[in-house]
Chemist: 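Here's a structure for you.
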Amino acid sequence: MTELAIVGAGIGGLVAALALAKRGVKAKVYEQAPALEAVGAGISLTPNASRVLEGLGLYDFLIENAEQPSANLTRHYKTWDLLIDIQREDARGEYGAPYYQIHRADLHTALVDALEAGVPDCISTGKALEHIEQDVGGALMRFADGSEAKADIVVAADGLRSVVRKQLFDARAPHYLGQIAYRGLVPRASLDPTWHSDESQNLIGPGAVFVSYPVCRGEVINFVGLAQTDAWVDEGWSTPATKEEILERYEGWHESVADMVNAAPEGALRKWGLFGHHPLPAFCKGSVALLGDAAHPMLPFFGMGAAMAIEDGAVLARCLTELGKPSLALKHYERLRMPRTHMVQSESAKGGERLQSADPDAMNRMTVRNEDSLGLFHYDALHMTLDL
Ligand SMILES: Cc1cc2nc3c(=O)[nH]c(=O)nc-3n(C[C@H](O)[C@H](O)[C@H](O)COP(=O)(O)OP(=O)(O)OC[C@H]3O[C@@H](n4cnc5c(N)ncnc54)[C@H](O)[C@@H]3O)c2cc1C
């Protein structure tokens with residue numbers, strides 16, 4: 001029987017493992033973190049992603065724990081004028097699955113629970129991969145704790161700074177994209193309800209956007225400010241930010257921004273730099289495949305980073321279980337996923353240029369080109385044909 005290993009128990013690695021488990025294949029998952037901690041902030045699950053998660057058994061969990069924004073509203077950064085109004089109330093009717101917004105930690109915990117319910121003890125923590133090499137019929141992994149493991153197929157879901165990508169696909173380090181993300185979670189009760197209903201609000205202005213939406217069963221508002229900057233900011237999920245620096249960056253913006261930032265509990269603000277990789281010519285080599293951010297990290301302007309990792313996981317599991325020889329199945333996965341993920345990667349970056357343009361009112365004059373108009377939500381990773 002084919003031995004399958006997944007490196008990284010982030011969203012992509014867990015979805016791949018769960019999709020395989022639902023098809024009767026047990027993969028071993030190796031995660032560097034010493035424990036499966038609940039970390040992160042808000043994350044978007046567009047209908048193409050929520051369709052997969054619901055199909056893998058998370059329907060009840062999502063209905064109970066994720067928010068369904070009634071609309072995505074794009075507004076002028078100074079005047080609060082509405083520039084684009086995308087209604088989301090009937091997302092299930094339109095796309096077959098809702099648009100959800102959720103705390104990443106809640107989703108992560110639900111995926112771990114679903115996986116462990118089907119395949120107990122399949123996740124090994126404290127396993128930081130340090131070295132990988134291909135050998136005949138498989139790959140050998142060496143971990144920082146001195147242990148080793150072999151597998152016939154290795155799926156690298158080890159994120160932006162993937163060791164596997166670096167050692168087998170692309171030795172270059174990720175490059176800084178000149179954008180900083182400020183994040184905060186604010187108790188909804190402490191905010192003026194005028195600014196914060198069930199919609200997702202996107203304020204757009206020169207060189208920056210400020211997005212906010214409810215998570216945690218509506219009790220908390222998640223905000224993310226994406227701003228262009230020349231200053232070098234480290235990548236990571238735990239660098240503290242101050243209210244002063246965020247308010248300085250958003251000086252002159254609508255008062256809802258300052259309200260939000262000022263209402264954040266002390267010590268609850270984070271910042272990190274956004275990094276990217278150049279598109280790869282291949283996602284697979286022999287018995288090793290890349291998935292999620294390890295393969296195609298993207299700017300968050302379409303809210304599709306996690307969605308692409310989720311689609312990858314579902315398609316990879318299908319290729320490995322529905323097609324013949326594993327190495328051919330991996331190549332097939334690559335051919336199916338590379339065009340789509342590269343397109344979304346590039347469109348997300350262009351979307352950012354439009355949203356952060358010097359003239360936000362131009363949004364009203366141009367044809368809308370976004371994740372809706374590009375038809376990205378119709379992708380059905382669990383049911384589409386695998387024909388090329
Ligand atoms: C801690 C954390 C918090 C995040 N919070 C948010 C958020 O709040 N909002 C948002 O939009 N996105 C967040 N993201 C990013 C988002 O989850 C990903 O961009 C997206 O889901 C793609 O998922 P992925 O599985 O490819 O990568 P990731 O979710 O980044 O997962 C990669 C996993 O691989 C593990 N890993 C890395 N290197 C090794 C190694 N050498 N050996 C073994 N394991 C390794 C990591 O610890 C991680 O668990 C977060 C990611 C992380 C890791």
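When reading the values below, keep in mind they use all heavy atoms of this one structure, side chains included, and skip hydrogens, waters and symmetry mates. Start at 1 and go down the list; that is how both ligands and their atoms are numbered.
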Chemist: Heavy atom of A9 under 4.0 Å from ligand 1?
Modeler: yes
Chemist: Taking NZ, NE, NH1 and NH2 as the nitrogens, is one of them in E199 or R75 under 4.0 Å from a carboxylate oxygen of the other?
Modeler: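 Answer for the salt bridge query: no.
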Chemist: Evaluate A294 for polar contact with ligand 1, using N/O atom pairs at a separation under 3.5 Å.
Modeler: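 By distance alone, the answer is no.
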Chemist: Ignoring hydrogens, just give me the one of A157, G8, A144, A307 whose non-hydrogen atom is nearest atom 32 (C) of ligand 1.
Modeler: A157
Chemist: Quick one: do E266 and K243 make a salt bridge, cutoff under 4.0 Å?
Modeler: yes
Chemist: At under 4.0 Å between heavy atoms, is it the side chain or the backbone of F143 that contacts ligand 1, or both, or neither?
Modeler: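 Contact part for F143 vs ligand 1: neither.
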Chemist: If you have a sec, work out which protein heavy atom is nearest atom 25 (O) of ligand 1 and how many Å separate them, to one decimal?
Modeler: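 So the nearest neighbour among protein heavy atoms is G12 N, 2.8 Å.
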Chemist: Under 3.5 Å, N or O to N or O, is G305 touching ligand 1 that way?
Modeler: no
Chemist: Verify the distance criterion only: is there a donor paired with an acceptor across the side chains of H278 and D170 at less than 3.5 Å?
Modeler: no
Chemist: Within 45° of the six-membered ring axis of Y182 and under 6.0 Å from that ring's centre, is NZ or CZ of R249 located there?
Modeler: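 That pair does not qualify as a cation-pi contact.
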Chemist: Side chains of S147 and K127: is there a donor and an acceptor less than 3.5 Å apart?
Modeler: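 Side-chain D/A pair, S147 to K127: present.
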Chemist: Would R354 count as a cation-pi partner of F301, with NZ or CZ less than 6.0 Å from the six-membered ring centre and within 45° of the ring normal?
Modeler: no
Chemist: Judged by non-hydrogen atoms, does G42 sit under 4.0 Å from ligand 1?
Modeler: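 A heavy atom of G42 does come that close to ligand 1.
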Chemist: Has ligand 1 got any nitrogen or oxygen that is less than 3.5 angstrom from a nitrogen or oxygen of Q32?
Modeler: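 There is such a contact, yes.
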Chemist: So, regarding G159 and ligand 1 (criterion: nitrogen or oxygen to nitrogen or oxygen, under 3.5 Å), is there a contact or not?
Modeler: no
Chemist: Hey, is V163 touching ligand 1 through its side chain, its backbone, both or neither, going by heavy atoms under 4.0 Å?
Modeler: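 The answer is the side chain of V163.
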